[in-house]
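One structure is given below, encoded as structure tokens.
One-based numbering along the sequence shown. Order of listing sets the numbers, starting from 1, for every ligand and every atom in it.
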Amino acid sequence: MEKVVKISPSLLAADPNCLGSELKKVEDAGAQMIHLDIMDGHFVPNLSFGPDLIKGLRKNSGLIFDVHLMLSDPIDYIDAFANAGADIITFHVEANSDIKECIDKIHSHGIKAGLVIKPDTEATEYLKYINDIEMILIMSVYPGFGGQKFIPRVLPKASEIRAAAGPDFDIEIDGGITLENYKLALDAGVNVLVAGSSIYNAEDPAAVIKEMMA
Ligand code: DX5
Ligand code: ZN
């Protein structure tokens, strides 16, 4: 059986005037997840939002909250985002915190844990964590901003992870995913697509989500 494609629209590209309805829009269109980008102005040169916003959005949404921590010290914020309602927390292997300690702390909340790798980081060294985590997120842009151009040379990492992790493991890709390139990612072994601008800037976001899922 074909693996179901999961769509995780990135809230970063949503209209900040009406975040609640922006969440509902993608949920009604069939997206299973919402991707929440957390930036500290340190690990990446930008700031986004914190746990209070997520706690507020949680009250009216049944989406899987997919929290992507772009923080220098993710260990310090895992409790806050888990308590705010995250279902999955991913953090960067390039950050300062101990990887195993972060995984254990995320799991102590009864939620899923994942590693994120930047475009220039090889996956090989991190395959040893596969049995300890539920997802790997491959960045297909340099983290920090939405609306950047997809970097295709990261795709072999998806094939490498898929071969090592088997068919049931979640492999997510994030950055510059559009209707023009999402199939390349799926063919490489990805099954979770993050898409910000290509969904929220589209005239018909629901149509984009449906096409990516089909
Ligand atoms: C970049 C973020 C992405 C971003 C994706 O640092 O991690 O999640 O919002 O946005 P698009 O799909 O517009 O590249
Ligand atoms: Zn992200």
Side-chain angles (χ1 to χ4, degrees), residues 5-16 19 22-23 25-26 29 31-51 53-54 57 63-72 74 77-78 81 86-95 106 112-121 134-155 157-158 170-186 190-203 205-209 211-213:
V5 176
K6 290 182 255 190
I7 310 293
S8 195
S10 172
L11 193 74
L12 210 55
D15 180 352
L19 291 180
E22 291 282 79
L23 239 69
K25 190 190 286 179
V26 296
Q32 303 93 330
M33 303 164 71
I34 186 79
H35 186 80
L36 301 155
D37 287 303
I38 312 302
M39 305 180 184
D40 65 355
H42 196 269
F43 184 75
V44 289
N46 198 4
L47 293 163
S48 58
F49 34 80
L53 184 105
I54 290 177
L57 293 171
L63 290 163
I64 295 167
F65 275 30
D66 167 28
V67 175
H68 173 192
L69 298 182
M70 284 164 271
L71 309 176
S72 294
Y77 295 92
I78 287 168
F81 285 99
D87 297 296
I88 305 174
I89 294 181
T90 62
F91 61 94
H92 277 262
V93 299
E94 303 89 356
I106 295 168
K112 294 182 175 178
L115 304 182
V116 193
I117 50 178
K118 286 197 209 177
D120 296 337
T121 302
E134 288 72 39
M135 185 161 84
I136 291 183
L137 167 51
I138 299 168
M139 291 304 302
S140 43
V141 297
Y142 292 94
F145 300 90
Q148 302 183 76
K149 200 172 173 309
F150 177 68
I151 302 172
R153 68 177 157 75
V154 306
L155 288 176
K157 288 191 260 188
D170 281 333
I171 303 177
E172 183 176 49
I173 196 159
D174 181 10
I177 296 294
T178 65
L179 287 178
E180 282 68 52
N181 59 30
Y182 78 98
K183 280 190 187 141
L184 296 173
L186 299 182
V190 167
N191 69 303
V192 186
L193 301 170
V194 175
S197 33
S198 68
I199 290 179
Y200 278 113
N201 296 350
E203 238 167 71
V208 177
I209 291 171
E211 188 169 338
M212 286 181 175
M213 289 178 74

Would the distance check show the side chain of D66 and the main-chain N or O of M33 forming a donor-acceptor pair, the cut-off being under 3.5 Å?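 No, because the side chain of D66 does not come within donor-acceptor range (under 3.5 Å) of the backbone of M33.
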Between Q148 and V141, is there a donor-acceptor pair closer than 3.5 Å when you use the side chain of the first and the backbone of the second?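 Not confirmed, Q148 side chain does not pair with V141 backbone.
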K25: what forms a side-chain hydrogen bond (donor to acceptor under 3.5 Å, both in side chains) with it, not counting sequence neighbours?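 By the side-chain hydrogen bond (donor to acceptor under 3.5 Å, both in side chains) rule, K25 matches E22.
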Any idea which residues sit under 4.0 Å from ligand 1, heavy-atom distances? S10, L12, H35, D37, M39, H68, M70, M139, P143, G144, F145, G146, G147, D174, G175, G176, V194, A195, G196, S197
Starting at [atom1] of [X], measure out to [atom2] of [Y] and round the result to the nearest 0.5 Å.
X: H35; Y: I64; atom1: NE2; atom2: CD1; answer: 14.0 Å
X: L155; Y: I138; atom1: CG; atom2: CD1; answer: 7.5 Å
X: F49; Y: M39; atom1: CZ; atom2: CE; answer: 8.0 Å

Heavy-atom count around K118 NZ within 6.0 Å, excluding the residue itself: above 12?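 More than 12 within 6.0 Å, yes.
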May I ask you to check whether over 12 heavy atoms, not counting those of Y77, lie within 6.0 Å of atom OH? no
Taking salt bridge (charged side-chain N to carboxylate O under 4.0 Å, His left out) as the cut-off, I'd like each qualifying pair that reaches into residues 135-153, sequence neighbours left out, listed once. D120-R153
Anything protein N/O/S under 2.8 Å from the Zn ion (ligand 2)? Just list residue and atom, please. H35 NE2, D37 OD1, H68 ND1, D174 OD2
